[in-house]
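First the structure, in the form of structure tokens, and then the observations on it.
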Protein chains: 2
Amino acid sequence: MADLDATDWKILAVLQEDARVGYRELARRIGMSPAATGARVRRLERRGVITGYSARVDPTRAGYPITAYVVVNTSGRRQSLRVSDLSIRTPTVLEDHRVTGTDDHVLRVIVASLPDLEPLIDELNELGKPATTLVLSSPKSWAPVPKPAHVANS
Amino acid sequence: MADLDATDWKILAVLQEDARVGYRELARRIGMSPAATGARVRRLERRGVITGYSARVDPTRAGYPITAYVVVNTSGRRQSLRVSDLSIRTPTVLEDHRVTGTDDHVLRVIVASLPDLEPLIDELNELGKPATTLVLSSPKSWAPVPKPAHVANS
DNA sequence: TCTGAAAGGTGATAACC
DNA sequence: GGTTATCACCTTTCAGA
């Protein structure tokens with residue numbers, strides 16, 4: 001919610017693809033001076049548009065060949081909050097979203113093997129009705145947040 | 001699948017939290033020399049454990065306040081492949097996973113407003129039965145791939 | 001808000017353990 | 001694989017527009 005201009009989106013495009021580029025190179029790619037570029041980046045960080053920088057890790061190559069989505073159907077606010085707590089406490093739960101519909105939580109989980117899912121399912125079973133879906137492959141596993149069409153191209 | 005040691009996991013922990021740290025600082029945090037640290041990082045990249053570096057962008061602050069999961073129930077390989085193609089072609093579809101169960105695709109989509117979802121749903125309707133779930137909030141929106149328990153702590 | 005130049009910090013490499 | 005030393009280059013800052 002930030003009124004980003006075309007230059008901001010160029011910076012976001014580059015930094016989402018390669019967060020380790022130097023300011024000199026980043027500045028060259030967006031057609032501005034390094035100093036002004038640095039100031040823009042700091043502004044994007046301060047406004048909370050950029051929340052951090054991460055190495056993208058391939059879970060499979062890091063020893064977690066299995067990704068699963070676990071949806072949970074809880075009955076009431078109390079259990080829902082406990083699902084959130086459990087998600088936050090469990091390192092292999094990489095995401096937890098509260099959603100509309102019959103199920104109220106969607107968890108993305110990575111594990112080294114299927115048996116490793118059991119303890120989590122057992123815990124979730126005490127808070128609601130969990131249902132597990134395994135990821136077979138990911139035609140698109142990641143993409144940058146794109147520039148909206150209504151922002152000029154400059 | 002790479003047989004990562006405790007030092008590799010320290011590097012992954014730091015780079016997943018802050019991909020822009022310099023080698024000097026990274027080396028200091030893991031207790032090794034900058035040169036050896038750089039060599040480790042390059043090895044992790046070459047082996048495909050680290051697939052890249054990204055700025056983490058908050059979709060809401062970037063103008064996409066709505067995140068949705070769209071599951072698609074297609075009938076057959078042909079349509080499934082066309083869903084993959086559509087996902088890859090559509091910038092606001094950030095992820096597409098083929099999954100087990102009744103539905104065979106799970107898409108994560110961001111949009112500026114609900115009407116912006118319509119064109120995608122329309123296209124998916126020609127390939128299968130889409131069902132949309134909206135994200136209300138994300139108790140855990142991101143987490144690093146964690147060091148497995150069986151790797152020594154060093 | 002951007003540019004340009006000075007000063008201190010950083011990344012890649014080589015020689016050696 | 002690891003370290004230390006080196007040098008060229010890059011990031012940051014600040015004055016000026």
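Below, chain A is the first sequence line, B the second, and so on; all start at residue 1. Every heavy atom of this structure was used, including side-chain atoms; hydrogens, water molecules and symmetry mates were not.
The distance from atom CG of A/Leu26 to atom C1' of D/dC9 is 17 Å, rounded to the nearest whole Å. In this structure, the CG atom of B/Asp5 is 10 Å from the P atom of D/dG1, given to the nearest Å. Computed from coordinates, the A/Arg43 CZ to C/dT1 C1' distance equals 7 Å when rounded to whole Å. For A/Asp8 and C/dT1, the CG to P distance is 10 Å, given to the nearest whole Å. Atom CG of B/Asp3 and atom C1' of D/dG1 are 14 Å apart (whole Å). With rounding to whole Å, B/Met32 atom CE is found 17 Å from C/dG11 atom P.
Ion pairing between A/Asp5 and A/Arg40 holds under the 4.0 Å rule for side-chain N and carboxylate O. The pair B/Glu45-B/Arg42 fails the salt-bridge criterion, with no side-chain N (NZ, NE, NH1 or NH2) lying under 4.0 Å from an Asp/Glu carboxylate O.
Looking at the side chain of B/Ala35, the nearest of the listed nucleotides C/dT13, C/dT3, C/dC2 is C/dT13. Closest contact between the side chain of A/Arg24 and the listed nucleotides C/dT1, D/dT11, D/dT3 involves D/dT11. For A/Pro34, the side-chain atoms get nearest to D/dT12 when compared with the rest of D/dT12, C/dC2, D/dG2. Which of D/dT11, D/dT3, C/dG4 sits closest to the side chain of A/Tyr23 comes down to D/dT11.
Mapping A/Arg20 and A/Thr37 onto DNA chain C by nearest heavy atom places A/Thr37 closer to the 5' end of the strand.
Partners of A/Arg24 under the side chain to side chain donor-acceptor pair (under 3.5 Å) rule, at least two apart in sequence or in another chain, do not exist in this structure.
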Assess whether side-chain hydrogen bond (donor to acceptor under 3.5 Å, both in side chains) is satisfied between B/His97 and A/Ser137, documenting all intermediate values.
CA-CA 6 Å; B/His97 307 280; A/Ser137 66; over 6 Å; no
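Counting non-hydrogen atoms of neighbouring residues, nucleotides and ligands closer than 6.0 angstrom, the CZ atom of B/Arg20 exceeds 12 such neighbours. Annotation for A/Arg47: atom CZ counts as buried by contact number, over 12 foreign heavy atoms lying within 6.0 Å.
At C/dT13, none of the side-chain N or O atoms of B/Arg42 fall inside 4.0 Å of OP1 or OP2 (strictly under the cut-off). The side chain of A/Arg40 places an N or O atom within less than 4.0 Å of a non-bridging phosphate oxygen (OP1 or OP2) of C/dC2.
Each end of the helix from C/dT1-D/dA17 to C/dC17-D/dG1 gets its own axis, taken as the rotation carrying the C1' atoms of four end pairs onto the next four within a five-pair window, and the two axes meet at 30° to the nearest 10 degrees.
Neither side chain, B/Asp104 nor B/Ser80, offers a donor N or O lying under 3.5 Å from an acceptor on the other.
Using a 4.0 Å heavy-atom criterion, one finds that B/Gly22 contacts the sugar-phosphate atoms exclusively.
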